[in-house]
Number of protein chains: 2
Amino acid sequence: MTNKLNSNNLTKSEEDYLKALFQLLVEGKSAKVGNNQLAEYLKVSPASTNNMIKKLKTKQYVVSEKYGKLDLTKEGEYIAVRLIRKHRLWETFLYNYLNFTWDEVHDVAEQLEHIKSQKLINELERFMEFPTKDPHGEMIPNADGEYLAIPKVMLSSLSEGDICRLIAVDDGSVNFLKYVSEIGLALSSEIKILEVREFDKSIRIQFGEAIETITRKFADNVFVKKVV
Amino acid sequence: MTNKLNSNNLTKSEEDYLKALFQLLVEGKSAKVGNNQLAEYLKVSPASTNNMIKKLKTKQYVVSEKYGKLDLTKEGEYIAVRLIRKHRLWETFLYNYLNFTWDEVHDVAEQLEHIKSQKLINELERFMEFPTKDPHGEMIPNADGEYLAIPKVMLSSLSEGDICRLIAVDDGSVNFLKYVSEIGLALSSEIKILEVREFDKSIRIQFGEAIETITRKFADNVFVKKVV
DNA sequence: TTAATTTGTTAGTCATGCCTAACTTTTTTA
DNA sequence: TAAAAAAGTTAGGCATGACTAACAAATTAA
Ligand SMILES: [Mn+2]
Ligand SMILES: [Mn+2]
Ligand SMILES: [Mn+2]
Ligand SMILES: [Mn+2]
């Protein structure tokens, strides 16, 4: 993807919609994304998304047929990736230099990602010596928008006896992140699946000295690399 | 001024209006500030300022009588000072850590000053080890909004033979700041007034090896401390 | 001290981005 | 395959923060 001297004219809202679409389409679990799904994700009404999508279509960032599913153009995707890059670089800065905890960084990064200055974000990246992952283990796209997405294996997809390493967590919920820390899990933790209970899909896991039972919902937000 | 756990509900616009009023009233040269003056300063129409002032009056940040001059309440002033604090801390960060030049910092700081996070700005200040002045020589208010304003002596107010030291410059204009650097002036430069020409108020100054003629307008934007 | 000029106010308009309520189309299920 | 449910769209409103044009009050100058 070529690096343009892209003076970004988009509003904060337009940026947020494109980022949300990207997260659902590319980083999310669903292959197709509809209007109402986007609305729910952004916590706005379907009428609002319908309206914004219309605008983003005339600006050629989104494509869709009437009553059809949504897709991003290359341009739209590029804008989204740059936003994610900014978000994750800021999260890294807050975490590594300003004493923020990993459950505090996301909300402030949601604001900082909209600051318009190419130089700012590139210099911030240089200052931090080109970090590759944010505090939640997510990859940081480079200045050209190159995005080395590591396949997201959910902890919930493993089976009894499997051993894995925690490589990333979903960072959207403060409560979830606090919960993860509290039970003692962290990036790189080695986790063994002791039991997957058929009744409610809850999972007994072991890590270090600890043994915990986690829900399916919890396990859906934990991404791992299988070791055994 | 007591430090409240002020969850700031103001919009970016409301913040900008309060800051502008503060800059005109407290940091500016004019004792009284009217609606049209504020409009000109903010580059919006008088109708817009009139409208916003109305809102800020109901919110008790501004006081004025109909057809009368504008004033800030203690609350309004406090909000403005905190904004200036954020602006100057960000400028300092950009200048000292991210390789920004002193003519580049202002525009980006105009965006960053609206980021809402008490922790962010206090941690940034700690990270930089509590700087007291921004890259243009202006004082940075502390976390309680205490504001040690140094009396602003304009270079244009001095007379032939006077010697002074450059302590600050107005940071609003990129062109002006570039101009200052280009002729070789910098913070702490010692300047001697060689001649003030009656005809057009232009001033011949000497600093280091250099002798330059500057306009009245230029000299109005340079703040000094008289040495002799 | 009246007339001209400046300053301030009001009314009406527009764009953005959100909403609810009503409607249409598509998909699912019986 | 027809009815029910879900998904998507449209119409109409509201708040914010801009604008212009017309008007009123206050200040300045003649
Ligand atoms: Mn995040
Ligand atoms: Mn993250
Ligand atoms: Mn500035
Ligand atoms: Mn400054």
Visitor: Pick out which of A:K152, A:R85, A:K133 makes a salt bridge (Lys or Arg N to Asp or Glu O under 4.0 Å) with A:E138.
Guide: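 Passing option: A:K152.
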Visitor: Provide, to the nearest angstrom, the distance between the CG atom belonging to B:L38 and the P atom belonging to C:dT6.
Guide: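 Atom-to-atom, B:L38 to C:dT6, this comes out as 20 Å.
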Visitor: Taking C-beta and beyond as the side chain, do A:F223 and A:D170 meet within less than 4.5 Å on heavy atoms?
Guide: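 Yes - at least one pair of side-chain heavy atoms lies under 4.5 Å apart.
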Visitor: OP1 or OP2 of D:dA7 less than 4.0 angstrom from a side-chain nitrogen or oxygen of A:K69, does that happen here?
Guide: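 No, A:K69 has no side-chain N/O under 4.0 Å of OP1/OP2 on D:dA7.
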Visitor: Just checking A:F93 against B:F93, ring centres under 6.0 Å apart?
Guide: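 Ring centres of B:F93 and A:F93 closer than 6.0 Å.
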Visitor: Measure CD/A:E65 against C1'/C:dT24 and give the value in whole Å, please.
Guide: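 These atoms are roughly 17 Å apart.
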Visitor: Measure CG/B:N35 against P/D:dA26 and give the value in whole Å, please.
Guide: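 My rounded result for the distance is 15 Å.
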Visitor: In Å, rounded to the nearest 0.5 Å, how long is the span from CD of B:E113 to CD of B:E15?
Guide: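 Here the interatomic distance stands at 7.5 Å.
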Visitor: Whole-Å distance between D:dA18 P and B:K54 NZ?
Guide: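 One finds 15 Å between P of D:dA18 and NZ of B:K54, rounded.
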Visitor: I want to verify a distance call: between C:dT26, C:dT7, C:dC18, whose nearest atom is closest to the B:N36 side chain?
Guide: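 Of the options given, the side chain of B:N36 lies nearest C:dT7.
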Visitor: Between protein and nucleic acid, restricted to nucleotides 15-17 of chain C and to nitrogen or oxygen atoms under 3.5 Å apart, what atom pairs and distances do you find?
Guide:
residue, atom, partner, partner atom, Å
C:dG17, OP1, A:T11, OG1, 2.5
C:dG17, OP2, A:K55, NZ, 2.1

Visitor: Can you tell me the distance, in whole Å, between the CD atom of B:E40 and the C1' atom of D:dC19?
Guide: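 Going from CD in B:E40 over to C1' in D:dC19 covers 17 Å.
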Visitor: Rounded to the nearest angstrom, tell me the gap between atom CG in B:L70 and atom P in C:dG8.
Guide: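 After rounding, the gap between these two atoms is 7 Å.
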Visitor: Are the ring centres of A:Y61 and A:Y17 closer than 6.0 Å?
Guide: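 Centroid distance A:Y61-A:Y17: not below 6.0 Å, so no.
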Visitor: Does A:S45 put a side-chain nitrogen or oxygen below 4.0 Å from OP1 or OP2 of C:dC19?
Guide: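 Affirmative; the distance criterion is met.
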Visitor: Compare all side-chain heavy atoms of B:I193 with those of B:L155 and state whether any distance is below 4.5 angstrom.
Guide: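 Yes - at least one pair of side-chain heavy atoms lies under 4.5 Å apart.
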Visitor: Please check: side-chain N/O of B:K86 versus main-chain N/O of B:I115, any donor-acceptor pairing under 3.5 Å?
Guide: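 Yes; at least one donor-acceptor contact below 3.5 Å.
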Visitor: Can you find a side chain N or O atom of A:K32 that sits less than 4.0 Å from OP1 or OP2 on C:dT26?
Guide: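 No.
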Visitor: Check whether any side-chain heavy atom of A:F176 lies under 4.5 Å from a side-chain heavy atom of A:K217, and answer yes or no.
Guide: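 They are not in side-chain contact.
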Visitor: Verify the contact: side-chain N or O of B:N50 to OP1 or OP2 of C:dG8, cut-off strictly under 4.0 Å; return yes or no.
Guide: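 B:N50 to C:dG8 OP1/OP2: no side-chain N or O under 4.0 Å.
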Visitor: In whole angstrom, what separates B:Q37's CD from D:dT27's P?
Guide: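 B:Q37 atom CD is separated from D:dT27 atom P by 15 Å.
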Visitor: Polar-atom pairs under 3.5 Å, protein N or O versus N or O of nucleotides 11-15 of chain D: list them with distances, or write none.
Guide:
none

Visitor: The side chain of B:K66 lies closest to which of these nucleotides: D:dC19, D:dG8, C:dT10?
Guide: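 In terms of side-chain proximity for B:K66, the closest of D:dC19, D:dG8, C:dT10 is C:dT10.
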Visitor: Minimum heavy-atom separation for A:E110 to A:H114, with atom names?
Guide: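 For A:E110 and A:H114, the tightest heavy-atom pair comes out as O-CD2, 3.0 Å.
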Visitor: Atom OH of A:Y41 to atom C1' of D:dG8: distance rounded to whole Å?
Guide: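 It is 21 Å, rounded to the nearest whole Å.
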